[in-house]
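Small disclaimer: the values here were computed from a predicted structure and weren't measured. Throughout, a chain's letter reflects where its sequence line sits, starting with A, and its residues are numbered from 1.
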Protein chains: 2
Amino acid sequence: MTASLRQVAERAGVSIRTVSNVVSGFAQVAPDTRARVQEAIDELRYRPNAAARHLRGGRSGLVALAVPEIASPYFGELAGLLVREAERRSWMLLVQQTDGDAEHERRLLDGVRGQVVDGLVLSPWALSPRELRRAPGGVPVVLLGEQDADGLLDHVAVDSVAAAREATRHLITLGRTRIAAIGPQPQLDNGTAARRVEGYRQALAEAGLPADPAREVPVARLHRADGAAAMAALLDAGREVDAVFCFSDQLALGAMQAALSRGVRIPGELAVVGFDDVEDGRYATPSLTTIAPDKEAIARDALNCLADRLGSGHQDRPARRIVAGHRLVIRDSTAGLAGRRS
Amino acid sequence: MTASLRQVAERAGVSIRTVSNVVSGFAQVAPDTRARVQEAIDELRYRPNAAARHLRGGRSGLVALAVPEIASPYFGELAGLLVREAERRSWMLLVQQTDGDAEHERRLLDGVRGQVVDGLVLSPWALSPRELRRAPGGVPVVLLGEQDADGLLDHVAVDSVAAAREATRHLITLGRTRIAAIGPQPQLDNGTAARRVEGYRQALAEAGLPADPAREVPVARLHRADGAAAMAALLDAGREVDAVFCFSDQLALGAMQAALSRGVRIPGELAVVGFDDVEDGRYATPSLTTIAPDKEAIARDALNCLADRLGSGHQDRPARRIVAGHRLVIRDSTAGLAGRRS
DNA sequence: CACGTGGCATACAACGTTGCAAAGTGGGCC
DNA sequence: GGCCCACTTTGCAACGTTGTATGCCACGTG
């Protein structure tokens, strides 16, 4: 099948160890020996055996990304960036799906851990901080989103309170006063959604606008269909609403679709803001105003966390809480001018 | 760190081999011995070491998916299905991105191969059949799309000629006669695009419509921006066009956006059909008529191919050419009735 | 009683790699 | 000429697992 160090050694007339030295460029090897060995390597097309290295060294070079659903545009885009970032470090990315299922997430925490990957980037959905905390001492974990496991695991997230406040404030500056929020998830112990609600309420309070609980529409998942259903519910209930802040672009796109199909004009009668800045939103009609998290930074920082926990000496440093940047991107769904996309 | 067979064996007072037998349920083990061993396993939280199994058995339980871009909705959706399908077989999915780069694809063919994964699902973009063919005897490969490597590698794809013909024919039955195609890629040796052009032309010919080369708009990539640019070019050139068949939903969504932003009514003045049936299209305004490939079948069949090449005895069976099903899904971008989404 | 049989448990080796320690080689210096 | 040192190369062991072969025991049968 594929050549091993032994075969290369035989061919080059040296010991296995010397070939290993050439391959890993470790110890000093005499130039002519190195050349002879290299020749044998090329002829036999030798490639280091990953399994053996993994067994010997305890590192697989694999990192897992676990998200509720990889088909979701936000996670797809993030996965793309993580793959790229991983490659930069000679790692490879393994993708796991939790389907937003607690049991699944639990299994990942002590299943994939310690076995095949060197680290895990987890976007928890159903698991409470309490459960995340009891993660055993396996491989390093980085959480995405604001589920902070009581400071026991590293995590990377945007400042959702601030971002939600900015988004809502933006709607307020447009003169909207009856602003709904689509995306709370009271049924889950979900830090991210809770914080976005908080930011939304803060902005309303700052502006002296009343907070109407009936305008906070909870959703079960973050799909377009959930956004569409939520919007439909708002409209059917006759809630007079002139703007809506959606906790994800997916929800916003679904909401827009539902509103448009009922003849509601956007942004004229209804201004819409999303969250995530996925590509779909940029090309939707109208294009979607949104909070754009710095996804590159999230990907980079997440792998940085893993990298330095894998590095020597830092294994037990206290958990980090990294705040990634974000900015409000204003597009047609809130811009009066019915103009071009950003 | 994590317990090994040795430690379990010591604790249970049996040999390593016996523990192994318990774990893999292989040889016969006396009930009380089994119970004792199981107890030790539980107490020590023993988990089989993946690296050692990989080294010993030559199987890693990993399968790679290599696509140009995982952030693209079509590949994201496919990845989700593949992860699920892989899980059903106790495999895990590794994601690689080629960025549509030939060198990258080449490296994957003989790099990832034979080293860390048991199989590779590759969606080639830039590599010609000729190059794909010289794939060395590493791990099994399945190609997605219609790049068939001269019958040397398994591949799974929809019948693009037939699908493109149906899509175009649908536009013709609406009474459209000046039908453009967005998506040819003459600069690439890309079987898929070529076949879609072919189906498009066939439909025109069948209907006795003239084929106007200027209405076949090539694109460099399949992003929304490319579709938007192509549409803009068509409109700016003053080509009178009353329908367009786009080779992917992404292109179609970009094209719709460009048309809408210039005040072109869809489907009134311009009917649009896409290809892929990604979720975005279902929620676009108007919702997008498209060719829906049977993605579940593609995922299943791709892994089936790998599975039975990994199984005993079938390693050298001739390459398979699997045709996945597809259907035309008619939505608002071609339906006169400006109604609800499908 | 000797032998075969079947059930159960074990020993050994090997998968391919690398850390460690030590051996071999040659040259330079006193 | 002898000795030390630096440079280069090597052998051994171990990572954790499983295939193969074998050992041990009790039991039933001829």
Side-chain angles (χ1 to χ4, degrees), chain A residues 1-41 44-62 90 113-118 138-139 312, chain B residues 1-41 44-62 90 113-118 138-139 312:
Chain A
M1 191 67 76
T2 175
S4 74
L5 283 183
R6 184 212 295 282
Q7 342 228 13
V8 177
E10 279 171 10
R11 179 159 193 122
V14 297
S15 78
I16 291 180
R17 200 61 188 75
T18 297
V19 181
S20 173
N21 285 336
V22 170
V23 170
S24 36
F26 206 61
Q28 314 217 40
V29 179
D32 59 335
T33 310
R34 154 163 282 124
R36 203 150 31 102
V37 170
Q38 190 59 51
E39 193 177 356
I41 287 176
L44 295 175
R45 289 197 174 169
Y46 167 79
R47 305 277 165 187
N49 180 298
R53 283 189 161 173
H54 182 188
L55 178 59
R56 192 55 176 58
R59 291 286 166 81
S60 65
L62 298 176
S90 322
R113 290 186 67 162
Q115 291 322 312
V116 37
V117 301
D118 296 338
V139 301
S312 48
Chain B
M1 191 64 75
T2 175
S4 75
L5 283 183
R6 183 213 296 281
Q7 341 227 15
V8 177
E10 278 170 10
R11 180 162 196 119
V14 296
S15 78
I16 292 179
R17 199 62 186 79
T18 297
V19 180
S20 174
N21 285 336
V22 171
V23 171
S24 37
F26 207 61
Q28 313 216 39
V29 179
D32 58 337
T33 310
R34 152 164 283 125
R36 203 153 27 104
V37 170
Q38 188 59 52
E39 193 178 355
I41 287 176
L44 295 176
R45 288 200 177 165
Y46 167 79
R47 305 278 164 189
N49 179 297
R53 282 189 161 173
H54 182 189
L55 178 60
R56 193 57 177 55
R59 290 286 166 81
S60 64
L62 298 176
S90 323
R113 293 187 67 165
Q115 291 323 313
V116 36
V117 300
D118 296 338
V139 300
S312 46

If you look at every strand shown and take non-hydrogen atoms under 4.0 Å, does Val23(A) touch a base, only sugar-phosphate, or nothing?
-> nothing
Would you say Ser24(A)'s side chain and Ser20(A)'s backbone share a donor-acceptor pair under 3.5 angstrom?
-> yes
Given that Leu55(B) and Val14(B) both sit by DNA chain C, which one's nearest nucleotide is further toward the 5' end?
-> Val14(B)
Look at the side chain of Arg17(B) and the base of dG19(D), then say whether one donor and one acceptor between them are separated by less than 3.5 Å.
-> yes
CZ of Arg56(A) versus C1' of dT18(C): gap in Å, rounded?
-> 4 Å
Is the shortest side-chain N/O distance from Ser20(A) to OP1 or OP2 of dT18(C) below 4.0 Å?
-> yes
For Arg6(B) and dT18(D), what is the distance between atoms CZ and P respectively, to the nearest whole Å?
-> 15 Å
Report the residue (Asp32(B) or Ala51(A)) whose heavy-atom-nearest nucleotide on DNA chain C is the more 5′ of the two.
-> Asp32(B)
Whole-Å distance between dA9(C) P and Arg34(B) CZ?
-> 9 Å
Are Asn21(B) and Arg17(B) close enough that a side-chain donor and a side-chain acceptor fall under 3.5 Å?
-> yes
With sugar-phosphate meaning primed atoms plus P, OP1 and OP2, does Arg53(A) contact a base, only sugar-phosphate, or nothing at under 4.0 Å between heavy atoms?
-> sugar-phosphate
Would you please confirm or rule out a distance under 4.0 Å between OP1 or OP2 of dT10(D) and any side-chain N or O of Thr18(A)?
-> yes
Contact class for Gln28(B) (heavy atom, under 4.0 Å): base, sugar-phosphate, or nothing?
-> sugar-phosphate
